[in-house]
Enquirer: 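My questions will all concern the structure given below.
Side-chain atoms are counted along with the backbone in the values below, which use heavy atoms only and exclude waters and symmetry mates. Protein chains get the first letters and strands the later ones, always in sequence-line order, with residue 1 at the start of each.
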2 protein chains.
Amino acid sequence: MESMYLDKEQEHKMSAQRAKEEILSRADIEKVANIFQILADSNRLKIVLALLKGSMCVFHLAEVCECTQSGVSHQLRILRNNGIVKGKRFGKFMEYSIADGHIREIVEMGVAHLACVR
Amino acid sequence: MESMYLDKEQEHKMSAQRAKEEILSRADIEKVANIFQILADSNRLKIVLALLKGSMCVFHLAEVCECTQSGVSHQLRILRNNGIVKGKRFGKFMEYSIADGHIREIVEMGVAHLACVR
DNA sequence: TGAACATATGAACAATTGTTCATATGTTCA
DNA sequence: TGAACATATGAACAATTGTTCATATGTTCA
């Protein structure tokens, strides 16, 4: 007997074909995953959210994020190394700010998504 | 002597104040981080990218993603449990498709970001 | 110069995560 | 019914990640 779902199978095969043709390169997929990875930690996300309100120094970031200076510093390094934030020294302080123009949109997409999780 | 950067400090203080007032709740931040976490793995992202081209079954997903059936199944479970994809049985096959209307926008933001990483 | 402050960083550790292997479950069809 | 196929899942493991603690580095200012 013929499969009951031949048409479905055909449909899936076409989707798969299209996906294979249009899929991004391995390297590009890793880059995209990496962007999400960076935003995938509460503390890093908090830092980014805070900096989207305005530049500030490590001390304030630690305060806003309710975490230790060391913790913030470590996460800032990751954000810095990935071009998300940049730091500029003003005397004793380091002023951190958002370096990546697109990050606001990505984060806001994530936040907008909250509405439909509820 | 007064600090050389009193105005900067004032500015930072105001950003911090604003950030503290407007920051999302801890629970919301964790939800947003969680969305990004799910997209933070190459294989899961590949699965999502593939399904955005059209529904397909596990066999095809494994093929498109160049990974094992078991690997795909495990990742599909995570995607399912988080409402990103849904599965429907057709005979022997499970047809997976995107369940979350917003996911396309988020993923596309990430992909669009590629352009400015270069 | 040295004390005080702000930030960065290395090492160690626990926790989390992704993959693999083996096997269980679900479905079809002769 | 049982063989063949498609998918799911549990256990084990290696790898990655975030946090903490201690300390180093950089800067100011009396």
Enquirer: Within this structure, what is the NZ-to-P distance between A:Lys8 and D:dA6, rounded to whole angstrom?
Expert: 18 Å
Enquirer: Provide the Watson-Crick or G-U wobble partner of C:dT16, both distances under 3.5 Å; none if there is no partner.
Expert: D:dA15
Enquirer: Determine which nucleotide pairs with D:dA30, using a 3.5 Å limit on both distances of a Watson-Crick or G-U wobble pair.
Expert: C:dT1
Enquirer: Rounded off to whole Å, could you give me the CE-to-C1' distance for the A:Met94 and D:dT25 pair?
Expert: 12 Å
Enquirer: Answer with base, sugar-phosphate or nothing: what part of the nucleic acid does A:Phe90 contact at a heavy-atom distance below 4.0 Å?
Expert: nothing
Enquirer: Quick check for you: to the nearest 0.5 Å, what is the distance between B:Lys88 atom NZ and B:Glu95 atom CD?
Expert: 7.5 Å
Enquirer: With rounding to the nearest 0.5 Å, note down the distance linking CD in A:Glu63 to CG in A:Leu61.
Expert: 10.0 Å
Enquirer: Heavy atoms only: give me the nearest B:Ser97-B:Ser55 pair and the separation to one decimal.
Expert: CB-OG, 3.0 Å
Enquirer: Within a radius of less than 6.0 Å around CZ of A:Arg26, do more than 12 heavy atoms belonging to other residues, nucleotides or ligands occur?
Expert: no
Enquirer: CZ of A:Arg89 versus C1' of D:dG26: gap in Å, rounded?
Expert: 5 Å
Enquirer: Heavy-atom count check: over 12 atoms from other residues, nucleotides or ligands less than 6.0 Å from B:Arg89 CZ?
Expert: yes
Enquirer: Grab the two heavy atoms, one from A:Leu39 and one from A:Val48, that are nearest each other, plus how far apart they are.
Expert: CD2-CG2, 4.3 Å
Enquirer: Taking all heavy atoms of A:Cys65 and all of A:Lys46, pick out the closest pair and write down the distance.
Expert: O-NZ, 3.4 Å
Enquirer: Could you tell me how the ring of B:Phe36 sits relative to the ring of A:Phe36: parallel (under 30°), tilted (30 to 60°) or perpendicular (over 60°)?
Expert: parallel
Enquirer: Grab the OH-P distance between B:Tyr5 and D:dT27 for me, whole Å please.
Expert: 10 Å
Enquirer: What N/O pairs connect the protein and nucleotides 14-20 of chain D at under 3.5 Å? Give each pair on its own line.
Expert:
from, atom 1, to, atom 2, distance (Å)
D:dG18, OP1, A:Arg44, NH1, 3.1
D:dG18, OP1, A:Arg44, NH2, 2.8
D:dG18, OP2, A:Arg44, NH1, 3.1
D:dT19, OP1, A:Asn43, ND2, 2.7
D:dT19, OP2, A:Gln75, NE2, 2.9
D:dT20, O4, A:His74, NE2, 3.2

Enquirer: For C:dA22, give the paired nucleotide (Watson-Crick: N1-N3 plus N6-O4 or O6-N4; G-U: N1-O2 and O6-N3; both under 3.5 Å), or none.
Expert: D:dT9
Enquirer: Atom NZ of B:Lys13 and atom P of C:dA6: how far apart are they, to the nearest Å?
Expert: 12 Å
Enquirer: CD of B:Glu95 versus P of D:dA6: gap in Å, rounded?
Expert: 16 Å
Enquirer: Would you kindly compare A:Lys92 and A:Gln69 by the position of their nearest DNA chain D nucleotide and give the one closer to the 5′ end?
Expert: A:Gln69
Enquirer: Could you list by number each residue of residues 53-64 of chain A showing a heavy-atom separation from DNA chain D of less than 4.0 Å, or answer none if no residue does?
Expert: none
Enquirer: Report, as yes or no, whether the 6.0 Å neighbourhood of atom NZ on A:Lys20 holds more than 12 heavy atoms from other residues, nucleotides or ligands.
Expert: yes
Enquirer: Please state how far atom CZ in B:Arg77 lies from atom C1' in D:dA11, giving the value in whole angstrom units.
Expert: 12 Å
Enquirer: How long is the line joining OH of B:Tyr96 and C1' of D:dT7, in whole Å?
Expert: 8 Å
